[in-house]
Amino acid sequence: MINITLPDGSVRQFESGVTAMDVAMSISEGLARNVLSAKVNGKVMDAMRPINADSDVQLLTWNDDEGKATMWHSSAHLMAEAVEQLYPGVKFGIGPDIENGFYYDIDFGDYNISDADFQKIENKMLELAREKQTYNREEVSKSDAKQYFTKKGDEYKLELIDELEDGQITFYKSGSFTDLCRGPHLPDTSPIKAVKVLSLAGAYWRGDEKRKQLTRLYGITFPKKKELDEYLEKLEEAKKRDHRKLGKELELFTFSQNVGQGLPLWLPNGAMVRERLEQFLKKVQKDAGYYPVITPHIGNVNLYKTSGHYDKYGADSFQPIKTPIEGEEFFLKPMNCPHHCEIYKSRPVSYKDLPLRLAEFGTVYRYEQSGELHGLTRVRGFTQDDAHIFCTPGQVKDEFKAVMAIVMKIFKALDFKDFIVQISLRDQEDRSKYIGSDENWDKAERAIMEVAEESGLDTIIEYGEAAFYGPKMDFMVKDALGRKWQLGTIQVDYNLPERFQLEYTGSDNEKHRPVMIHRAPFGSMERFVAVLIEHTSGKFPLWLTPEQAIILPISEKYQKYAEKVLKFLNNSEIRARIDDRSEKTGRKIRDAELKRIPFMLIVGEKEEENNTVSVRKQGEGDLGSFEMQQFVELIEKEIETALDTN
RNA sequence: GCCAUUGUAGCUCAGGGGUAGAGCACUUCCUUGGUAAGGAAGAGGUCAUGAGUUCAAAUCUCAUCAAUGGCUCCA
């Protein structure tokens, strides 16, 4: 007999070889029906795997993330089986579960699959799922595994097997499909009641663009049809918050083929939002001891040879522009740091001048691959809220912390709560991607790790994500569709000061090398505004929004009074306008609501008599009657609360 | 850059080898209306661009450009 400990601490005795499913059955049949897999001593495995020793067992259902993962991974196998039956001879890459569903990378050979095939695949999957196919685990020797896939002619699986150790290889069979797989899987296909093949995309085998491109089929499954419908509806809702859609509707920005791909044109509304963000940060930076600088949009090629950008990115940049007579070459600047280094060098620096903080909203141009461009989040010309802090090695930590405080201040002012702090370090295996000595890198990485530790923020570490000149701390947020984007970034750099031979005179009267901190709290104005649009679905905070209030006269008779109200608001620095169209009030309200104007001031006979305004808040409705000064105070208070970041 | 899909009025979209369609937006007129669409009339398009097939191309073919979903990349 063995002891099985359940999550509530209770212990039950079973014969050795009991399965998690048996355990579930002993509790209730209903529970057993919902079990997808089980966590045994912290490891997720098949509910049908025998347990031979005392163990902690947690039964996993659709309510557990791991349970969902099991279901989706099994669904990937089901989709593969359906595809194999419909298109015999296809070969399979990998088919994992992902955050929302699963995918399978498939080599369809000559067949040109398109989304017209989805329905057919879905129907086949449902048909197979109804057969209640069991997922059978089988341990196989390396040679048997290779023999199976050699016979099948699946070179992708053979490549995967080659990298596995003999004795560690398992197959899972379900219906007519056998896959090389670690598991775990569902007991059988019966929980899969609703399926959707979502999209298809090319995906390089093993993520290597030099290798063959397979077709990646994305899908998702649910135990209930209703849940699938809800999921699809949620996706539709998310699309409504897409910044590209809202950017058009609210007239924030646009693109023109005549200007060029990835080169955003900011419309007046968008420019107003962006300018206010810039003003906000400028004030914060002024208080934090930054000096503004301004540098040109191009720089001599030699500047980038010095910085190392030329070697690293020269071939993948917009190519240099040349002077007609001398033939001198200039790059559109892809970064502001080389220019700022030259500013540092413009005069001798004493340790008393440090930290020197040079800030610039610098527009940079990068040649991004055409397939990568995406609304305002990935563009070819964008403005960084850049600054470079030159300091002594001893000042690095305090400066780094001060920058983090600025990032937090901004996130708080804009109510960004959902962000990930990522520490991006060197690739542990391949160091050829980086410039600078190991010693400098170690110093920089250590500094960031220490600051992160002391900050108490939850951080994740990603190896291989560092910039080529130094490690960084990135602030990541998700967009409406769950895609992750990097916004703010703070980078510690010992390398560029060396390349540019930056120096300061210390108190010992000797020359020393400063350390550079690159930082951009917003990251890029374009990307930040994009994410802000999606997070607020276009309802910008009151202090940012282009129009804070709109005055809606009930009829032309109250136009004069409306003008009086407007004048009062303008004198109080409130951005407002009158909707003087010959439309009914209901219509004016509807249009203002759709334009996300925070406050609607309805004025008619009543208001004119009492010298008041009727206030309606966007998305909330009627707030009642206010005196003008009262309304101004309402707005001022809301802004003050939002910007009170201390 | 690669794979797939798409490109018709300012926007959202229907249509489809034989004279270009709708709703909204826009303009004018009527209406002066109290918390999410008042009414009428009008104007607006080389059907992304270029070539080819055809008596005839917005429609079929090819190329180019751009957009969308991914992959790779991201200083």
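All chains are named by letter (A, B, ...) in the order of the sequence lines, taking the proteins before the strands, and each is independently numbered beginning at 1. Side chains included, hydrogens not; waters and symmetry mates left out as well; all remaining heavy atoms used.
- Atom name P, nucleotides rC13(B) and rG1(B): the rounded distance is 26 Å, in whole Å.
- Nucleotides rC60(B) and rC2(B) place their P atoms 24 Å apart, quoted to the nearest Å.
- In this structure, the nucleotide among rG1(B), rC71(B), rA36(B) sitting nearest to the side chain of Arg216(A) is rC71(B).
- Across all strands shown, Lys312(A) has no heavy atoms under 4.0 Å from either base or sugar-phosphate atoms.
- Distance, Glu556(A) CD to rC30(B) P: 11 Å, rounded to whole Å.
- Regarding contacts with the backbone of rA66(B), every side-chain N or O of Arg244(A) stays at 4.0 angstrom or more from both OP1 and OP2.
- Among the protein residues, Gln618(A) comes within range of no part of the nucleic acid, since none of its heavy atoms lies under 4.0 Å from any strand.
- On a pure distance criterion of 3.5 Å, a polar donor-acceptor pair joins the side chain of Arg616(A) and the base of rA36(B).
- Residue-environment remark: OH (Tyr231(A)) exceeds the threshold of 12 foreign heavy atoms within 6.0 Å.
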Could you encode protein contacts along nucleotides 38-47 of chain B as a string, one character per nucleotide from 5' to 3', using B for base contact, S for sugar-phosphate-only contact and - for no contact, with a heavy-atom cut-off of under 4.0 Å? B---------

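- Remark: the separation of the C1' atoms in rG44(B) and rA25(B) is 11 Å, to the nearest Å.
- Across the C1' atoms, rG52(B) and rA67(B) are found 26 Å apart, a figure rounded to whole Å.
- The distance from atom CD of Glu368(A) to atom C1' of rA67(B) is 17 Å, rounded to the nearest whole Å.
- When ring centroids are compared, Tyr344(A) and Phe390(A) come within the 6.0 Å threshold.
- Remark: of the listed residues His340(A), Gln384(A), His339(A), His388(A), His340(A) is the sole one forming a side chain to side chain donor-acceptor pair (under 3.5 Å) with Glu360(A).
- Applying the 4.0 Å criterion to OP1 and OP2 of rG69(B), one finds that His374(A) has a side-chain N or O inside that range.
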Could you go step by step and tell me if Asp117(A) and Tyr111(A) meet the side-chain hydrogen bond (donor to acceptor under 3.5 Å, both in side chains) rule? CA-CA 11 Å; Asp117(A) 296 86; Tyr111(A) 184 69; 2.5 Å; yes

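- From Asp591(A), atom CG reaches atom CD1 of Ile550(A) across 8.5 Å, with rounding to the nearest 0.5 Å.
- Here the two rings, on Tyr310(A) and Tyr304(A), have centers that are 6.0 Å apart or farther.
- We find that Glu593(A) and Arg590(A) are not joined by a salt bridge, their nearest charged nitrogen and carboxylate oxygen being 4.0 Å or further apart.
- One cannot find a donor-acceptor pair under 3.5 Å joining the base of rU5(B) and the side-chain atoms of Ser199(A).
- rC3(B) sits 16 Å from rC73(B) when the C1' atoms are compared, rounded to a whole Å.
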Write down the protein N/O and nucleotide N/O pairs, taken from nucleotides 62-65 of chain B, whose separation is under 3.5 Å; answer none if there are no such pairs.
from, atom 1, to, atom 2, distance (Å)
rC65(B), O2', Gln257(A), OE1, 3.2

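- Taking side-chain N and O atoms only, Arg483(A) has a distance below 4.0 Å to OP1 or OP2 of rG70(B).
- Computed from coordinates, the Asn112(A) CG to rC3(B) C1' distance equals 9 Å when rounded to whole Å.
- The same atom, C1', is picked in rU53(B) and in rG17(B); the two are 11 Å apart, to the nearest Å.
- In this entry the distance linking CG of Leu373(A) with P of rG69(B) reads 12 Å, nearest Å.
- Side-chain N/O atoms of Tyr204(A) and base N/O atoms of rG1(B) include a donor-acceptor pair closer than 3.5 Å.
- Base engagement by Glu605(A) is indicated by at least one non-hydrogen atom pair under 4.0 Å involving a base atom.
- A donor-acceptor contact under 3.5 Å links the side chain of Arg378(A) to the base of rC74(B).
- Comparing the same atom, C1', in rU19(B) and in rG34(B) gives a spacing of 50 Å after rounding to whole Å.
- Scanning atom types as modelled, one donor and one acceptor separated by under 3.5 angstrom connect the side chain of Gln213(A) and the base of rC2(B).
- Dashed line: the shortest gap from a side-chain N or O of Lys248(A) to OP1 or OP2 of rU12(B) is under 4.0 Å.
- Checked against a 6.0 Å centroid threshold, the rings of Tyr218(A) and Phe102(A) do not count as neighbours.
- Distance noted for atom C1' between rA4(B) and rA41(B): 46 Å (whole Å).
- Gly371(A) comes within 4.0 angstrom of a nucleotide base, judged by non-hydrogen atoms across all strands.
- Aromatic rings of Tyr469(A) and Tyr434(A) (six-membered ring for Trp) have centroids beyond the 6.0 Å cut-off, not under it.
- Residue Ser370(A) is in base contact, counting any heavy-atom pair closer than 4.0 Å across all strands shown.
- In RNA chain B, the stems built from three or more successive Watson-Crick or G-U pairs (distances below 3.5 Å) are B:1-7 with B:65-71, B:10-13 with B:21-24, B:26-30 with B:38-42, B:48-52 with B:60-64.
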